[in-house]
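Each remark here refers to the structure printed beneath this line.
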Amino acid sequence: MDYRKKETTVVVSQKEISAGIFDLRVRTQAAAYCVPGQFAGIFPPSDSRMLMRPISICEANAESGEIRFVYRVAGEGTKLISALKEGDTAELLSVLGNGFPLDAAEGKKVAVMGGGIGIPPMLYTAKKLAGKTAETEIYLGYRNNDTFLASEFTPYGTVNVVSEDGSTAYKGNVLDALKERGFKPEVIFACGPMPMLRAIKRYAEEAGCIAYISLEERMACGVGACLGCVAKTVNKDEHSHVNNTRVCTEGPVFDSREVEI
Amino acid sequence: MDYRKKETTVVVSQKEISAGIFDLRVRTQAAAYCVPGQFAGIFPPSDSRMLMRPISICEANAESGEIRFVYRVAGEGTKLISALKEGDTAELLSVLGNGFPLDAAEGKKVAVMGGGIGIPPMLYTAKKLAGKTAETEIYLGYRNNDTFLASEFTPYGTVNVVSEDGSTAYKGNVLDALKERGFKPEVIFACGPMPMLRAIKRYAEEAGCIAYISLEERMACGVGACLGCVAKTVNKDEHSHVNNTRVCTEGPVFDSREVEI
Amino acid sequence: MDTRVSIAGVELKNPVMTASGTFGSGMEYGRFVDLNRLGAIVTKGVASVPWPGNPTPRVTETPSGMLNAIGLQNPGIDVFVERDLAFLKDYDVPVIVNVCGKTVEEYLEVVERLGDTSVAMLEINVSCPNVKEGAIAFGQKADALFHITEEIKKKAKQPVVMKLSPNVTDITEMAKAAEAAGADAISLINTITGMKIDVAKRKFVLANKTGGLSGPAIRPVAVRMVYQCAHAVSIPIIGMGGIATAEDALEFIMAGATAVSVGAVNFANPYATVEVIEGMERYLQDTHTETIRELIGCVDR
Amino acid sequence: MDTRVSIAGVELKNPVMTASGTFGSGMEYGRFVDLNRLGAIVTKGVASVPWPGNPTPRVTETPSGMLNAIGLQNPGIDVFVERDLAFLKDYDVPVIVNVCGKTVEEYLEVVERLGDTSVAMLEINVSCPNVKEGAIAFGQKADALFHITEEIKKKAKQPVVMKLSPNVTDITEMAKAAEAAGADAISLINTITGMKIDVAKRKFVLANKTGGLSGPAIRPVAVRMVYQCAHAVSIPIIGMGGIATAEDALEFIMAGATAVSVGAVNFANPYATVEVIEGMERYLQDTHTETIRELIGCVDR
Ligand SMILES: Cc1cc2nc3c(=O)[nH]c(=O)nc-3n(C[C@H](O)[C@H](O)[C@H](O)COP(=O)(O)OP(=O)(O)OC[C@H]3O[C@@H](n4cnc5c(N)ncnc54)[C@H](O)[C@@H]3O)c2cc1C
Ligand SMILES: Cc1cc2nc3c(=O)[nH]c(=O)nc-3n(C[C@H](O)[C@H](O)[C@H](O)COP(=O)(O)OP(=O)(O)OC[C@H]3O[C@@H](n4cnc5c(N)ncnc54)[C@H](O)[C@@H]3O)c2cc1C
Ligand SMILES: Cc1cc2nc3c(=O)[nH]c(=O)nc-3n(C[C@H](O)[C@H](O)[C@H](O)COP(=O)(O)O)c2cc1C
Ligand SMILES: Cc1cc2nc3c(=O)[nH]c(=O)nc-3n(C[C@H](O)[C@H](O)[C@H](O)COP(=O)(O)O)c2cc1C
Ligand code: FES
Ligand code: FES
């Protein structure tokens with residue numbers, strides 16, 4: 001269960017599934033070694049750009065040998081990546097980081113929560129949790145009714161689609177919906193924008209449940225060497241003993257109690 | 001007869017016509033404005049490489065709107081250019097420089113001489129001279145019997161293929177062959193390596209004929225602005241009055257008497 | 001939407017100039033862009049007499065940049081005034097003449113000759129790394145820079161912009177020396193000294209061995225130096241170094257530059273200057289910013 | 001074919017090292033390359049006590065380069081000796097420890113602690129642009145550099161390499177100061193101070209505002225400085241700055257470096273170090289060059 005390589009992969013397909021949101025599938029042996037919550041570094045096809053773009057694994061299929069990424073075009077790098085077409089090659093550094101501790105969900109009431117472009121890794125998470133939990137409720141937060149990926153969650157739990165503008169079933173944020181439904185998870189798995197993760201951290205502390213949250217930080221190496229990507233921790237970190245842990249290797253998934261966000 | 005643009009052209013075809021020698025055809029309106037001896041700047045498809053690669057026009061066809069280049073892979077830039085395929089785009093700055101003064105050949109005995117990768121522009125030159133001269137003899141110098149392009153010259157004059165290793169009709173250099181044949185040109189048009197051009201300059205002075213030679217120099221702008229590409233001149237140059245003339249705009253073709261090489 | 005800026009009393013339609021030595025005197029690029037669209041044209045360095053420059057090769061490419069060792073080839077002030085300034089008179093664009101010399105006297109000669117021309121400003125090149133005498137020698141020591149600036153200010157009829165070299169330990173010292181000596185503005189950065197070796201031939205690529213590095217590669221260094229100078233002096237700053245797009249230009253303005261120059265990128269994209277201007281206009285529009293002047297130094301606000 | 005070089009009596013299998021701070025202590029990249037293949041491993045800067053480093057964002061990309069403002073986060077010498085040096089003991093590769101500090105005393109503490117370890121050499125980082133105290137303050141003034149070098153030489157049990165900053169007017173002055181104070185070698189260049197601004201947000205991209213520029217963008221500057229130093233001092237030089245390929249590494253060696261370090265490029269290509277070594281071997285073979293040592297400084301021959 002350990003794979004870490006930089007390699008040239010082949011693009012199986014790429015399409016724009018929503019405005020500015022792309023679904024990219026590549027073929028690589030790494031597909032057999034992924035855990036939900038892990039990510040890959042995709043290098044923009046550009047020889048003036050040195051750094052990879054960390055993108056979460058949205059699905060990985062050992063049989064087909066395919067990894068799927070769903071990402072938003074945020075800047076020049078992702079724009080270049082979005083121009084890749086079937087048959088093109090994509091340089092990938094994978095598999096990076098630690099995924100969600102799925103075992104912690106065994107037999108529990110679980111909330112899977114994703115916000116915005118944090119939703120893709122939660123699809124893979126929900127899928128891998130299927131059958132393991134006592135109950136899975138899925139909360140997906142969007143800005144409006146452009147609810148990319150939402151329909152794909154249906155097989156894996158009760159899906160609650162939340163939007164800021166109220167154009168979906170629930171209005172507000174994912175925690176509003178959870179409270180409205182009166183769901184009381186024992187474990188939360190979450191990825192999304194920082195305000196959402198902060199709210200979840202607070203909620204988990206108050207409600208006495210455990211939340212695993214996936215953090216984002218600027219990265220250079222992706223493998224723990226450069227110390228570029230640290231997050232503040234409550235306790236001394238393993239590596240430098242300075243309450244600054246590496247998101248790329250100790251994360252990106254953390255027990256919300258461990259990090260100061 | 002004046003066209004100077006940077007534009008995105010479409011690759012019509014590209015093939016390797018000899019080891020490391022490529023034949024690239026692109027579609028551009030510039031094709032209607034070319035004179036033999038002029039060149040274009042081809043930008044390598046790479047966003048870390050700022051400068052164009054000056055490549056002579058090997059043929060231009062106003063009707064089909066195509067320009068043909070024949071070039072050798074010399075370094076990283078030409079290597080990247082050689083990977084372009086039909087349908088790809090190529091960034092081109094053209095049409096650059098002054099071509100051969102074809103009128104000077106009107107009714108004269110003319111030698112068209114090309115050496116190595118200096119041969120491509122001479123094909124276009126020979127073609128455009130056809131019917132204008134009293135007589136055209138063509139001298140093509142190669143290292144060995146890899147005589148790329150030679151057969152294409154046949155319609156335009158008596159072709160004499162020379163090689164350093166003697167594996168073709170004549171052994172030695174193009175001037176050896178000319179002397180061996182006893183041909184006495186009134187005008188020479190030439191492109192090739194510096195030693196060949198130096199020898200032609202000397203020959204022309206001794207034989208009292210006029211030689212137009214095409215020079216190479218490292219270029220940045222290609223349009224006369226940077227003063228990167230100068231050649232030493234006998235008289236004060238037009239631009240800076242310092243006996244340093246710009247190859248990209250005052251050349252690349254010069255009367256051999258004007259330049260110190 | 002208002003893109004106007006002014007430097008030492010000279011009004012510019014917009015803050016986008018050409019960098020000296022990369023745009024000739026405008027003639028060559030007039031076929032690609034409408035020169036009247038430019039904020040100003042900064043000409044190639046001109047000396048009191050013609051200079052032949054360095055042997056070739058003079059230019060080569062590096063990752064996201066290039067090295068040049070032109071060595072300030074120029075026709076001298078006489079030809080320049082007769083030909084280049086005459087050509088530029090037909091355009092409605094302020095002309096900034098870049099001045100070079102080997103001694104203070106040589107600089108002064110050019111400055112005085114330009115006194116009764118229509119030239120809008122003088123940019124004094126004390127930072128060219130490619131000539132042995134003069135130039136950078138004045139640009140790497142604060143006292144030498146102070147002295148030459150003072151002398152030039154005594155004779156100059158136009159506002160004086162001192163062009164600083166990045167090849168120094170502390171750029172703010174140089175900026176302060178220029179300001180203290182009366183410079184009306186500073187421009188930066190000139191090129192960073194670099195070298196390239198052809199490992200197949202085991203030879204220097206440039207005949208001059210070293211050359212000046214320019215292009216996008218150096219942009220982060222240039223932005224940093226502009227920011228530092230903006231905090232060290234209160235005269236206006238013309239920022240440059242690797243500007244290719246409006247975003248790049250805005251980085252300099254937000255760091256504290258009043259105007260910017262597009263240099264080596266002209267070679268890669270002869271339309272770059274006007275594209276930067278248009279992109280800037282779009283940025284103002286899209287962000288509902290009334291004037292470009294609001295953005296000067298805004299990164300600190 | 002012989003790729004061996006020696007620096008201050010330390011024998012290296014080949015001249016290819018890792019640049020401090022880009023390779024951790026080797027652990028992380030041991031999954032990509034065989035650490036035993038390397039000429040030497042240069043570790044991340046270590047101080048007398050743990051340093052937390054700067055706030056994030058600490059890294060960002062620039063054209064053919066990157067900026068970092070890690071701020072020398074490190075676990076301090078105790079953890080470093082127990083964990084990192086212990087890990088490296090299992091490898092047959094010389095270890096060079098990069099040392100940082102805020103005061104001369106702090107540097108000395110680390111140097112002394114390393115005295116009775118198996119460490120092969122010490123690299124003294126007086127050139128990190130990302131911390132406010134210490135570091136670069138010692139690296140931008142010749143007398144300060146002389147002083148700290150002298151003090152360290154008094155206590156050091158291993159050969160001392162002084163790592164120079166490129167953010168100076170004259171790198172040869174610094175090299176000479178280090179040599180005069182007894183340094184056994186110098187390494188250069190550390191990063192060039194740079195800045196990036198997010199024009200959409202009108203904010204600095206890095207929390208620290210400035211960062212150190214590294215990567216291929218700076219290579220021409222680094223090669224030039226190595227060349228200059230090779231002509232100024234006779235102690236060996238470890239060259240670095242944007243090395244990505246064997247050709248790049250050979251540029252430094254031909255300019256006068258005895259060894260080279262691969263830095264930021266490890267992030268783009270984790271196999272870079274070994275690819276550089278292999279490419280160098282191919283070059284020696286293809287050009288019928290017997291030893292890499294013949295190539296040191298050969299551009300002048
Ligand atoms: C562990 C992890 C997983 C992620 N998963 C996804 C995902 O599944 N889908 C998705 O759309 N996005 C994801 N992101 C965010 C994604 O990495 C950025 O949007 C992307 O790097 C932006 O690159 P760019 O070149 O388009 O932007 P630019 O702003 O041009 O990038 C410049 C530099 O900043 C870095 N950068 C910019 N924004 C971010 C960011 N938010 N996080 C980290 N680095 C950034 C880039 O990597 C690059 O090095 C993830 C980030 C992390 C850390
Ligand atoms: C007017 C003119 C016409 C030319 N016509 C042809 C042609 O028809 N066919 C052909 O094969 N070659 C031609 N050349 C040479 C061709 O430009 C170079 O071989 C090419 O630029 C090498 O680029 P590179 O990236 O592969 O090499 P690199 O060595 O990687 O290039 C690095 C830099 O050096 C420049 N450079 C390298 N070699 C030369 C050279 N010999 N002349 C000018 N610049 C050079 C490149 O343009 C680039 O800027 C011509 C040159 C000139 C000046
Ligand atoms: C080919 C070339 C010639 C230059 N000539 C001059 C000059 O004559 N005077 C001057 O002050 N700067 C000269 N420069 C420096 C530029 O004006 C500018 O300061 C530098 O290139 C950085 O900007 P850039 O990265 O946009 O090119 C020259 C630069 C280049 C590339
Ligand atoms: C992320 C990062 C961290 C660095 N940390 C250190 C350090 O701790 N000590 C040091 O002397 N240099 C440090 N450096 C500088 C490098 O060792 C090297 O001198 C510089 O990056 C130039 O080489 P490069 O272009 O190959 O990266 C660091 C560089 C980077 C990119
Ligand atoms: S990105 Fe380098 S340590 Fe995390
Ligand atoms: S290449 Fe710029 S003047 Fe000729």
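Computation of the quantities below employed the complete heavy-atom set of this structure, encompassing side-chain atoms and omitting hydrogens, waters and symmetry-equivalent molecules. Lettering of chains follows the sequences in order, A, B, ..., and the numbering in each one begins at 1.
The candidate with the highest count of non-hydrogen atom pairs below 4.5 Å against chain D, out of A:S46, A:G228, A:G222, is A:G228. Most heavy-atom pairs under 4.5 Å with chain A: of the set D:V265, D:N74, D:T62, D:V205, this distinction falls to D:N74. Between chain A and the residues D:A264, D:G65, D:P55, the most heavy-atom pairs under 4.5 angstrom are made by D:G65. Taking A:A231, A:G41, A:G77, A:G224 one by one and counting their heavy-atom pairs under 4.5 Å with chain D, the maximum is reached by A:G224.
Within residues 38-45 of chain D, the residues approaching chain A closer than 4.5 Å by heavy atoms are, in numerical order, D:K44. Applying a 4.5 Å heavy-atom cutoff, the residues of residues 267-279 of chain D that approach chain A are D:F267, D:A268, D:N269, D:P270, D:Y271. Listed in order of number, the residues of residues 79-92 of chain D that approach chain A to under 4.5 Å between heavy atoms are D:V79, D:R83. Identified by a heavy-atom distance below 4.5 Å to chain A, the contributing residues of residues 23-30 of chain D are D:F23, D:G24, D:E28, D:Y29, in residue-number order.
A:M52 does not touch chain D: none of its heavy atoms, backbone or side chain, sits under 4.5 Å away. In this structure, no portion of A:N243 lies under 4.5 Å from any heavy atom of chain D. D:P63 touches chain A through its backbone: at least one of N, CA, C or O sits under 4.5 Å from a heavy atom, while the side chain does not. With a 4.5 Å cut-off on non-hydrogen atoms, A:K5 touches chain D through its backbone and its side chain both.
Other residues, nucleotides and ligands contribute at most 12 non-hydrogen atoms within 6.0 Å of the CD atom of A:E238. Within 6.0 Å of the NZ atom in A:K128, the count of heavy atoms belonging to other residues, nucleotides or ligands does not exceed 12. More than 12 heavy atoms of other residues, nucleotides or ligands sit less than 6.0 Å from atom CD of A:E205. Within a 6.0 Å radius of CZ in D:R31, other residues, nucleotides and ligands contribute more than 12 heavy atoms.
Between the CG atom of A:N244 and the CH2 atom of D:W51 there is a distance of 14.5 Å, given to the nearest 0.5 Å. A:R4 CZ to D:F32 CZ: the interatomic distance, rounded to the nearest 0.5 Å, is 6.0 Å. Here CG of D:N68 is found 10.0 Å from CG of A:L227. Values are rounded to the nearest 0.5 Å. Of the inter-residue distances, the one linking D:Q73 atom CD with A:H239 atom NE2 reads 7.5 Å to the nearest 0.5 angstrom.
The minimum heavy-atom distance between A:L51 and D:E61, with the atom names listed, is N-OE2, 2.8 Å. The nearest pair of heavy atoms linking D:P50 to A:S240 is CB-O, 3.8 Å. Minimum interatomic distance between A:A220 and D:M66 (heavy atoms only, all atoms of both residues): CB-CE, 3.9 Å.
A donor-acceptor contact shorter than 3.5 Å is absent between the side chain of A:R218 and the backbone of D:T56.
The closest side-chain heavy-atom distance from D:R58 to A:C229 is not below 4.5 Å.
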